[in-house]
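In what follows, a single structure is set out as structure tokens and then discussed.
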Amino acid sequence: MGALGDGGCITTNDFNIYKRLLKLRNYGSEQKNVNELVGHNSRLDEIQAAFLNLKLRAIDETIDRKRNLTELYKKLLPPEFIFSFDLLHSPSVFHILPVRHLDREKVRRDLLDAGIQTDIHYPTPLYQQPALATLFVGEKYPISDIIHQTVFSLPISVVLVEKDLEVALVNYNRSPTDGVGLLS
């Protein structure tokens with residue numbers, strides 16, 4: 001759930017974790033100017049909290065709206081698009097809407113030409129991230145590589161107007177295709 005700026009939350013039922021997190025979000029400090037841990041300035045300010053409190057009241061409607069938009073994409077995009085989730089068996093709240101396509105860059109350009117801007121979230125596989133380099137020395141993960149080469153995100157904001165999205169998807173479907181087949 002996005003705020004007006006930075007914000008977030010963590011939930012736990014472990015009191016020790018709770019106490020540690022309180023310190024970590026406040027420069028590692030429980031008492032002012034006494035830093036027991038290396039922490040951050042990650043306190044949620046009052047404006048963000050108030051905004052998120054309002055959005056929380058409509059969370060169920062927001063999730064339903066995003067699920068409806070996802071169904072519209074699934075209905076109107078050709079079968080070459082791989083949706084890697086099942087709404088019935090693993091319901092998602094659709095923070096992002098990842099899909100896969102073998103010809104990702106061409107499809108992204110064609111979607112943009114039709115008025116649909118896409119993004120690539122998390123473009124680097126975890127095993128290639130510098131922070132994890134020592135854990136995966138010499139390892140190869142070809143399935144992960146394929147996913148990261150073919151995945152991109154479709155817009156899923158609740159401010160999308162379904163009729164506008166439908167028109168854009170129809171325009172996309174009218175563009176010429178290269179006959180790219182399904183991913184396996």
Considering only heavy atoms from C-beta outward, does the side chain of [X] approach that of [Y] to under 4.5 Å?
X      : Y      : answer
Leu97  : Ser153 : no
Phe152 : His101 : yes
Leu154 : Leu77  : yes
Leu24  : His40  : no
Leu112 : Thr118 : no
Val99  : Val151 : no

Nearest heavy-atom pair of [X] and [Y]: which atoms, and what distance?
X      : Y      : value
Asp14  : Thr12  : N-OG1, 3.0 Å
His95  : Tyr122 : NE2-OH, 4.4 Å
Val34  : Ser29  : O-OG, 3.1 Å
Arg108 : Asp119 : NH2-CA, 3.7 Å

Margin query: Before we go on, tell me: are the rings of Tyr73 and Phe81 under 6.0 Å apart, centre to centre?
Written below: no

Notebook entry, point to check: Are Asp113 and Arg109 within salt-bridge range, i.e. N to O under 4.0 Å?
Noted result: no

Notebook entry, point to check: Does a salt bridge link Arg65 with Glu162, judged by any charged N lying under 4.0 Å from a carboxylate O?
Noted result: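 Yes.
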
Notebook entry, point to check: Tyr172 and Asp110: side-chain donor and acceptor closer than 3.5 Å?
Noted result: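 On atom types as modelled, these side chains do not qualify, holding no pair under 3.5 Å.
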
[X] atom [atom1]: more than 12 heavy-atom contacts under 6.0 Å:
X      : atom1 : value
Tyr18  : OH    : no
Gln117 : CD    : no
Ile47  : CD1   : no

